Amino acid sequence: MRTISSKVVKKCITRPPPLLLSNTSLTSMASFNVPNQNPSSLIDDFTKFCCQRDLPRAMQALELMHTHRIWADCITYSELIKCCLARRAIEQGKRVHVHLFSNGHEPKAFLMNMLINMYVKFGLLKDARDLFDKMPERNVISWTTMISAYASAKLNDKALEFLVLMLREGVRPNMFTYSSVLRACDGLFNLRQLHCCIIKIGLDSDVFVRSALIDVYSRWGELENALRVFDEMMTGDLVVWNSIISGFAQNSEGDEALGLFKRMKRAGFLAKQPTLTSVLRACTGLALLELGRQVHVHVLKYDQDLILNNALLDMYCKCGSLEDANAVFVRMVEKDVISWSTMIAGLAQNGYSKEALKLFESMKVSGIRPSYITIVGVLFACSHAGLVEEGLYYFHSMKELFGIDPGREHYGCMIDLLGRAGRLREAVDLINEMECEPDAVTWRALLNACRVHQGVDVAIHAAKQILRLDPQDAGTYVLLSNIYANARRWNDAAEVRRAMDNRGIRKEPGCSWIEVNKQIHAFILGDKSHPQVSGINIRLNQLIHKLMGVGYVPDTNFVLQDLEGEQMQESLRYHSEKLALVFGLMSLPKGQTIRIRKNLRICGDCHLFAKLIAKMEQRIIIIRDPVRYHHFQDGFCSCGDFW
DNA sequence: ATAGGGTTAG
């Protein structure tokens, strides 16, 4: 006979008397299923199975113990609960719960906490809460488990409410509690209050709390505060580095994100998947293809990481290199809805709408269900290729085919689609029948649609709506004023200007970036600080002259076209993308693709200029604006002159 | 026994 630990014996003797006993162990009994067990060996077996994580046998033993009204020690039960959790065995977990409560008094607090945590992890928040309410003495762990559960379920009010209740009961929160509750902050006010408490009780040096603070400050756009929390860190921690880098990357502050990444490497930290994902995102935002390629080399170490591959796909698409994107896509063993959506939207944004729709068909064949975002990409593809009927079909059947209700973004694509097709009336009807309130982005789609077919009245209405919803939108003021000027409504035009001045709103100057020899060169309208500016201007004038010889006429009709704004006619020729383009011609070897990114949408004249240069100089030119991509080759653009 | 970082549109 095996020896039983004294702990186990002590637990047993408080229980009802055992039955008649044979000495056989459950292992040999399993096939006979005869419950005439010696309690000590039964508990022994149970303990053994639990430690071995042999859930079926452990449960079998548990049922026998239950019938015989025998209980084991707490440690063994905790092993069993862990085992249920690991196997996601919900029913078994519930049986353990029943068993633990069948012996007349409450299980120990730590077992109760484990059960609560188990229910939380199974997504059974209500069961967790019931158990929590039953506990006579809830400790910091019970509270934290519930708070963390509410925070993950995005029940932010509940999480914050529980923090208050907990304090009222006199239980002191620890770093676990704060790092959980921070994620439930639903406003800066809450965040600042929590941050105060955290500093006051000295928990701000905990790395978990620190990374949570950084995440939440970043989520609310308070990057200075995030950085302050980061810079107070003395010890150094990989996750905290990742938090701050992703904070900047997600707020479109790619430069800062990349700078921090360099600092991180200098500090001796090794970039893992989350780091690389954020760095890729920064490259995506800045259109840094070459840096992106270098990051790709490091990504190879995590060959089949889905999220990382998705980020890589997006980077290549947004940097205009669909060959690279496709190569990654084909090599991916696992593809999820994000992979497909990224690729579909990427093709569409680069002007390859037909390919995007073909890919959408393959996606359906592959059995991955399209999401809300997938359909945005599909409709975007239709609108940019003028595929009106296809677009209308997908729009009207998306609910039935994919179970997705059309949202703002879908309406935006459809307004764009109808507007381009000259069906402005229908676009207006559509905006009127939207179930959700149109936002500034929706109205901007309508305003943009007016550009193509000069719907002045609709444009004025749309612009007014945009300014009502987003009074800071400088571009719309300029555009509205230009529309009035063009309609000879001088007083209205002047009034828009005045409103703009009164509110202190200034138009962001046009800016273009180009990468040459691993250096980013920026060209800003009206800024002459680039060292080669005079050479560039001489070359630009030569080119314009040469083009005019073959029939190029600078397109000065940019009332509804030029989103770069209020430049005088002659400054058209100094639009930043022209300067960047000429600089590219001068500094990149013959035959190499010229890639330019700009902050505002390209104007009609620059678009024409790029097409002609592409032909005359035999270059592929890719210009990315905030919305889409223009691949110029041999006198044509992939956007088909719609953008 | 309780806590952390990453991907798609607009």
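First the proteins, then the strands, lettered A, B, ... as listed; each starts at 1. Quick caveat, the model's predicted, so the values are computed rather than measured.
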Student: Go through the structure and list residues passing salt bridge (charged side-chain N to carboxylate O under 4.0 Å, His left out) with A/Arg444, not counting sequence neighbours.
Tutor: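 A/Arg444 satisfies salt bridge (charged side-chain N to carboxylate O under 4.0 Å, His left out) with A/Asp470, A/Asp473 once adjacent residues are dropped.
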
Student: With a cut-off of 3.5 Å and sequence neighbours excluded, list every side-chain donor-acceptor pair involving residues 121-136 of chain A.
Tutor:
residue: A/Lys121; atom: NZ; partner: A/Asn117; partner atom: OD1; Å: 3.0
residue: A/Lys126; atom: NZ; partner: A/Asp130; partner atom: OD2; Å: 3.3
residue: A/Arg129; atom: NE; partner: A/Asp133; partner atom: OD1; Å: 3.2
residue: A/Arg129; atom: NE; partner: A/Asp133; partner atom: OD2; Å: 3.3
residue: A/Arg129; atom: NH1; partner: A/Tyr150; partner atom: OH; Å: 3.3

Student: Mind checking ring pair (Phe, Tyr, Trp, His ring centres under 6.0 Å) for A/Phe101 and listing every partner two or more places apart, or none if nothing turns up?
Tutor: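 A/Phe101 satisfies ring pair (Phe, Tyr, Trp, His ring centres under 6.0 Å) with A/His97 only.
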
Student: To the closest 0.5 Å, what do you measure between CD (A/Glu253) and CG (A/Leu286)?
Tutor: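 One finds 9.5 Å between CD of A/Glu253 and CG of A/Leu286.
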
Student: Using a cut-off of strictly less than 4.0 Å between a heavy atom of the residue and any atom of DNA chain B, enumerate the qualifying residues of residues 262-276 of chain A by number.
Tutor: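 Hits under 4.0 Å, by residue number: A/Gln273, A/Pro274.
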
Student: Would A/Glu161 and A/Lys158 pass as an ion pair if we require N to O under 4.0 Å?
Tutor: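 Yes, this pair counts.
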
Student: Side chains of A/Ser371 and A/Thr374 only: does a donor on one sit below 3.5 Å from an acceptor on the other?
Tutor: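 Side chains of A/Ser371 and A/Thr374: pair found under 3.5 Å.
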
Student: Between A/Arg210 (side chain only) and A/Val229 (backbone N and O only), is there a donor and an acceptor less than 3.5 Å apart?
Tutor: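 Flag set: sc A/Arg210 to bb A/Val229 pair under 3.5 Å.
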
Student: For A/Tyr178, give me all partners under ring pair (Phe, Tyr, Trp, His ring centres under 6.0 Å), at least two apart in sequence or on another chain.
Tutor: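 Not a single residue meets the ring pair (Phe, Tyr, Trp, His ring centres under 6.0 Å) criterion with A/Tyr178.
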
Student: Listed in order of residue number, which residues of residues 292-309 of chain A have a non-hydrogen atom at under 4.0 Å from DNA chain B?
Tutor: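 When residues 292-309 of chain A is checked for heavy atoms under 4.0 Å from DNA chain B, the hits, listed by number, are A/Asp305, A/Ile307, A/Leu308.
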
Student: According to side-chain hydrogen bond (donor to acceptor under 3.5 Å, both in side chains), does anything in residues 314-324 of chain A pair up with another residue at least two apart or in another chain? List the pairs.
Tutor: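 Applying side-chain hydrogen bond (donor to acceptor under 3.5 Å, both in side chains) to every pair that reaches into residues 314-324 of chain A, excluding sequence neighbours, yields A/Arg293-A/Asp324, A/His296-A/Tyr316, A/Asp314-A/Lys318, A/Ser321-A/Glu323, A/Ser321-A/Asp324.
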
Student: Please find the earliest and latest nucleotides of DNA chain B, in the 5' to 3' direction, that have an atom within less than 4.0 Å of any heavy atom of chain A.
Tutor: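 Answer, 5' to 3': B/dA1 to B/dG10.
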
Student: Indicate whether any N or O donor in one side chain lies under 3.5 Å from an N or O acceptor in the other, for A/Asn174 and A/Thr177.
Tutor: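 Side-chain D/A pair, A/Asn174 to A/Thr177: present.
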
Student: For DNA chain B, find the residues of residues 197-218 of chain A with a heavy-atom distance under 4.0 Å and give them by number; none if there aren't any.
Tutor: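 Per residue number, the list reads A/Asp206, A/Val207, A/Phe208, A/Ser211, A/Asp215.
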
Student: Check this for me, if you would: do A/Arg228 and A/Asp204 make a salt bridge, where the nitrogen-to-carboxylate-oxygen distance has to be below 4.0 angstrom?
Tutor: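 Salt bridge absent between A/Arg228 and A/Asp204.
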
Student: Verify the neighbour count for atom CZ of A/Arg87: are there more than 12 heavy atoms of other residues, nucleotides or ligands below 6.0 Å?
Tutor: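 Result for CZ/A/Arg87: enclosed.
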
Student: Quick check: A/Tyr372 with A/Phe402 (ring centres under 6.0 Å apart)?
Tutor: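 No - the distance between ring centres of A/Phe402 and A/Tyr372 does not fall below the 6.0 Å cut-off.
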
Student: What's A/Lys121 touching, base or sugar-phosphate or nothing? Going by heavy atoms closer than 4.0 Å.
Tutor: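 The answer is sugar-phosphate, as A/Lys121 gets under 4.0 Å only of primed atoms, P, OP1 or OP2.
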
Student: Check DNA chain B against residues 236-256 of chain A and give the residues with a non-hydrogen atom under 4.0 Å, in numerical order.
Tutor: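 The stretch gives A/Asp237, A/Leu238, A/Val239, A/Val240, A/Asn242, A/Ser243, A/Ser246, A/Gln250 as the residues lying under 4.0 Å from the strand, ordered by number.
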
Student: Which residues pass the side-chain contact (heavy atoms from CB on, under 4.5 Å) test with A/Ala445, not counting sequence neighbours?
Tutor: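 Partners of A/Ala445 under the side-chain contact (heavy atoms from CB on, under 4.5 Å) test: A/Ile415.
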
Student: Could you check whether A/Arg281 gets within reach of a base, just the sugar-phosphate, or nothing at all, counting any heavy atom under 4.0 Å?
Tutor: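 Counting heavy atoms under 4.0 Å across all strands, the contact made by A/Arg281 is with sugar-phosphate only.
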
Student: Roughly how far, to the nearest 0.5 Å, is CZ of A/Phe162 from OG of A/Ser180?
Tutor: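 Here the interatomic distance stands at 13.5 Å.
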
Student: Would you indicate what A/Thr144 reaches in the nucleic acid, counting non-hydrogen atoms under 4.0 angstrom: base, sugar-phosphate, or nothing?
Tutor: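 The answer is base, as A/Thr144 lies within the cut-off (heavy atoms under 4.0 Å) of a base atom.
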
Student: With a 4.0 Å heavy-atom cut-off, tell me which residues in residues 173-183 of chain A come close to DNA chain B, sorted by residue number.
Tutor: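 Contacting residues: A/Asn174, A/Met175, A/Phe176, A/Ser179, A/Ser180, A/Arg183.
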
Student: Can a donor-acceptor pair be found between the side chains of A/Arg468 and A/Gln465 at a distance below 3.5 Å?
Tutor: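 A donor-acceptor contact under 3.5 Å links the two side chains.
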
Student: Please check: side-chain N/O of A/Arg408 versus main-chain N/O of A/Glu437, any donor-acceptor pairing under 3.5 Å?
Tutor: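 Pair found, side chain donor or acceptor close to backbone of A/Glu437.
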
Student: Give a yes or no on whether the ring-centroid distance for A/Trp340 and A/Phe329 is below 6.0 angstrom.
Tutor: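 Yes.
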
